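All remarks here apply to the structure that follows.
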Number of protein chains: 4
Amino acid sequence: MADSLSLRPTQPRRMSREEKARETYRLLLEAAAQVVGTDGYADASISKITQLAGVAQGTFYNYFESRQDVLNRLLPYMGRQMLDHIASSMPRDLTGPAREEARLRAFFGYLDTHPTFYRILYEAEVFAPEAHAEHFRILVEGYKAALGRAVQRGEIQGFDENELEAIIYMLLASRAYIAMRYARDRNGHTGPVPEHVIQAYMKMLRRGLFSEA
Amino acid sequence: MADSLSLRPTQPRRMSREEKARETYRLLLEAAAQVVGTDGYADASISKITQLAGVAQGTFYNYFESRQDVLNRLLPYMGRQMLDHIASSMPRDLTGPAREEARLRAFFGYLDTHPTFYRILYEAEVFAPEAHAEHFRILVEGYKAALGRAVQRGEIQGFDENELEAIIYMLLASRAYIAMRYARDRNGHTGPVPEHVIQAYMKMLRRGLFSEA
Amino acid sequence: MADSLSLRPTQPRRMSREEKARETYRLLLEAAAQVVGTDGYADASISKITQLAGVAQGTFYNYFESRQDVLNRLLPYMGRQMLDHIASSMPRDLTGPAREEARLRAFFGYLDTHPTFYRILYEAEVFAPEAHAEHFRILVEGYKAALGRAVQRGEIQGFDENELEAIIYMLLASRAYIAMRYARDRNGHTGPVPEHVIQAYMKMLRRGLFSEA
Amino acid sequence: MADSLSLRPTQPRRMSREEKARETYRLLLEAAAQVVGTDGYADASISKITQLAGVAQGTFYNYFESRQDVLNRLLPYMGRQMLDHIASSMPRDLTGPAREEARLRAFFGYLDTHPTFYRILYEAEVFAPEAHAEHFRILVEGYKAALGRAVQRGEIQGFDENELEAIIYMLLASRAYIAMRYARDRNGHTGPVPEHVIQAYMKMLRRGLFSEA
DNA sequence: TATGAATGAGACTTCATTCAT
DNA sequence: TATGAATGAAGTCTCATTCAT
């Protein structure tokens, strides 16, 4: 199980009732994220979650309809965090492959600092399929727009729109499997992705997708 | 749930004791594959499996140590089937990208005819992680040898061994996500992968990995 | 569940504190009656009741000691309503069997216009046994007085007091079972009792209880 | 709660597996009857039932689909017992009111020796409505045949078939309410019905239903 | 080896009630 | 007096595993 320390802050400054409710909700969601990230969706019991959140089991049902409900909300919650992180750590004015590389590094960076995210994302296809599908829809949508701009800039040539969608799935897939293989050590702890892996990815991308001089 | 018909053949010809035991083992494994492929690992109960196999619940424990035991054996069993299928459907004498394309089509072909395999493979990372790792080890090993030969033939240039391993993960990843996205319809039923997706994959590969004139 | 519309009137004219409290009490009681009449005692949760009454859950406990408390008050509240209804719809100056028939029709009439009453009354023996016993005590008491007058008028002969009490139970029982069988359609909705049933009841009564020429 | 003594016989003679299973089923059903008869359907928990039966909670679900399932089977099980009891204790060759009286006494006799039956029957309308309806269907059917024969013998005159059905409901109702009122003392323990009550019932019946000289 | 009844831990969920605001 | 979040006991049900036959 995850740490048995409560997530409840020790020094809760005076809060209004509504604030406190919001806080409890956040607490439960964070606890759920931690538990799922550590033990997986299948072993994420309400009892573990509430214990970590420092509330009674019954309290859980004041905020979520069911166990499945909280599982469904996990990926949207973390996914938005991740996208925000990536957006905020992308340097302006990058174009072409350099932009792709920055994006990739930002993704791995988020993974490195949020060790629970990988499992939440990966297992979601099994345990929260709709959330997973929606997450993908958002990712693919954003990626399509980005690649569309690259096409307009003439950086990418020779792929029609449908082909580009397929390519996007390949790139997202590659990220995930690279993370699975290279971003964790023997003990399952996360770590940075080796440089040569990023280089291989970029080489493939530069040659295969971008039409560089 | 899967078909409620038993997998037990109605007219078993006279078998020796050992043969019968082997047959029961196979029966249970096939039943497990069917159940997992349909309902997923999480919902694959011993009771469903034995019912489909046409034996009593207790019999299960004469052949497997535990529920986890049978789950662990599933992917090796199906994985070998898949590799045999691919090997046997690969035309001789193909080289370069054409060989890759044949391999890809053989994989999708297997998926199309063995609808349970995708789920068994995909969920294995969660529910049978060691089997999943071993399956990958075998795949990657084989792929390394194949790409090694391509390097020797001069079809691939500019990637060192470590980089090639990363590329292999990208390719395996791409297969999996393409299957996830394109090889199933709205109802989760399998179907063939659209041609343009295969074309996009190959275009990326030809340009990005192979050094074609 | 019952209607989700609140029972709280939208335009409450200015009320004194005490009036408002009385109003809230009545509101909760009516809501409880509605919920019990629709869902039964067993499924009448505080949450349903307060929601229908348009007040917070906590408010409930300002007016009732416990869940059982409100259940106990339901039948007395509705029972008085029913008796008032019957009393007010009984023509003056009826005697003998005619008086009994009027009483019976008034009872069925109340049931028809107050569909929740049947369930509140019937299930009370299980869920509010003391209230049920008290309700019966009142009914029987009244009935005894009525039959006593009939005896004095010479309309009834050959039954001593103890026997008359037994007869009263038979008559109240008959009403209830007739309602159970004939006053509801397939869907559990209430409706009028068929005329021939009333005729059978009266025939039995005229011959069996009253000594008619 | 009911007695905490187990219903399991202390000296179980050697039984085949099937016999033992049958015995466990019977044990659970009897335990359920006892618990429901004592505490009512609403408070009949699986845990109480299995404890009384002397088996583990899980065992319950080898024999019943759900809690509701066992509740549904209770009345049919006891109802058949009761009908058998009545049939076997009815003297041959009785006709007319005497036959009715024997039937009534047999019913009260069963109640007296099976104290749990009353509650199982009465609460069934609320907690096992289909079983209750079916029980009534059977009772009414049987009663119709019996009264039909009385009509043919000329013992009953002036009631058509529809009216007789209504009368049957009145008689069944009367039994039930008489039992409710007279067959239990202050502490809820069963006892015999006072003679004068039976006399009142019979007087009403003789005059009201039967056409005696 | 085959059987299938028995086991019991543990999961999810409901809901009457309390209490600080 | 009104609020509604928090509580925790209790209930139903599932299922991997054991074991006597």
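These numbers come from a predicted model, not from an experiment. Chain identifiers are assigned alphabetically (A, B, ...) following the order of the sequence lines, protein sequences preceding nucleic acid strands; residue numbering begins at 1 within each chain.
Shortest non-hydrogen contact noted between C/Ala31 and C/Ile49 is CB-O, 3.6 Å. The minimum heavy-atom distance between B/Leu74 and B/Val36, with the atom names listed, is CD2-CG2, 3.5 Å.
For B/Thr24, whose side chain is taken as the heavy atoms from C-beta onward, the closest listed nucleotide among F/dT7, F/dA6, E/dA2 is E/dA2.
Side-chain atoms of D/Asn62 stay outside donor-acceptor range of the base of E/dA5, with no qualifying N/O pair under 3.5 Å. Residue-to-nucleotide contacts include no donor-acceptor pair under 3.5 Å from the side chain of B/Arg67 to the base of F/dT17.
For the side-chain hydrogen bond (donor to acceptor under 3.5 Å, both in side chains) test with A/Asp39, the passing option among A/Lys48, A/Arg119, A/Gln34 is A/Lys48; the others fail. Under the side chain to side chain contact (heavy atoms under 4.5 Å, CB included) rule, A/Leu52 has a single partner from A/Leu28, A/Leu27, A/Val35, which is A/Val35.
Dashed line: the shortest gap from a side-chain N or O of A/Ser66 to OP1 or OP2 of E/dC12 is not under 4.0 Å. The phosphate of E/dT7 (OP1 or OP2) has no side-chain N or O of D/Tyr61 nearer than 4.0 angstrom. The phosphate of F/dA6 (OP1 or OP2) has a side-chain N or O of A/Tyr63 nearer than 4.0 angstrom.
Residues D/Ser45 and A/Arg17 both approach DNA chain F. Their nearest nucleotides, taken by heavy-atom distance, put A/Arg17 toward the 5′ side.
Straight-line distance from the NZ atom of A/Lys48 to the P atom of E/dG10: 11 Å, rounded to whole Å. Here the C1' atom of nucleotide E/dT18 and the CZ atom of C/Phe60 are 14 Å apart, to the nearest Å. Per the geometry, CD belonging to D/Gln51 stands 13 Å off P belonging to E/dT7, to the nearest Å. Taking atom CG of B/Asp69 as the reference point, atom P of F/dA16 lies 14 Å away to the nearest angstrom. Protein atom OH of C/Tyr25 is 14 Å distant from nucleotide atom P of F/dA2, rounded to whole Å. With rounding to whole Å, B/Ile46 atom CD1 is found 17 Å from E/dA5 atom C1'. Whole-Å rounding puts the B/Glu65 CD to F/dA16 P distance at 16 Å. Note: CZ (C/Arg22) to P (F/dT1) measures 13 Å, nearest angstrom.
Side-chain N or O atoms of C/Tyr41 include none that pairs as donor or acceptor with a backbone N or O of C/Glu123 at under 3.5 Å.
Helix bend of the helix from E/dA2-F/dT21 to E/dT21-F/dA2: the angle between its two end axes, each built from five pairs, comes to 10° after rounding to 10°.
Aromatic ring centres of D/Phe127 and C/Phe127 lie closer together than 6.0 Å. You'll find the ring centres of A/Phe117 and A/Tyr122 outside the 6.0 Å limit.
No salt bridge links D/Arg22 with D/Glu19; every basic N to acidic carboxylate O contact stays at or beyond 4.0 Å. The pair A/Lys20-A/Glu23 does not count as a salt bridge, with every side-chain nitrogen at least 4.0 angstrom from each carboxylate oxygen.
Note on ring orientation: taking the six-membered ring where Trp is involved, the planes of C/Tyr25 and C/Phe64 are parallel (angle under 30°, cut-offs 30° and 60°).
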Name the pairs: protein N/O against N/O of nucleotides 8-10 of chain F, kept only if under 3.5 Å.
from	atom 1	to	atom 2	distance (Å)
F/dG8	N7	A/Gly58	N	3.4

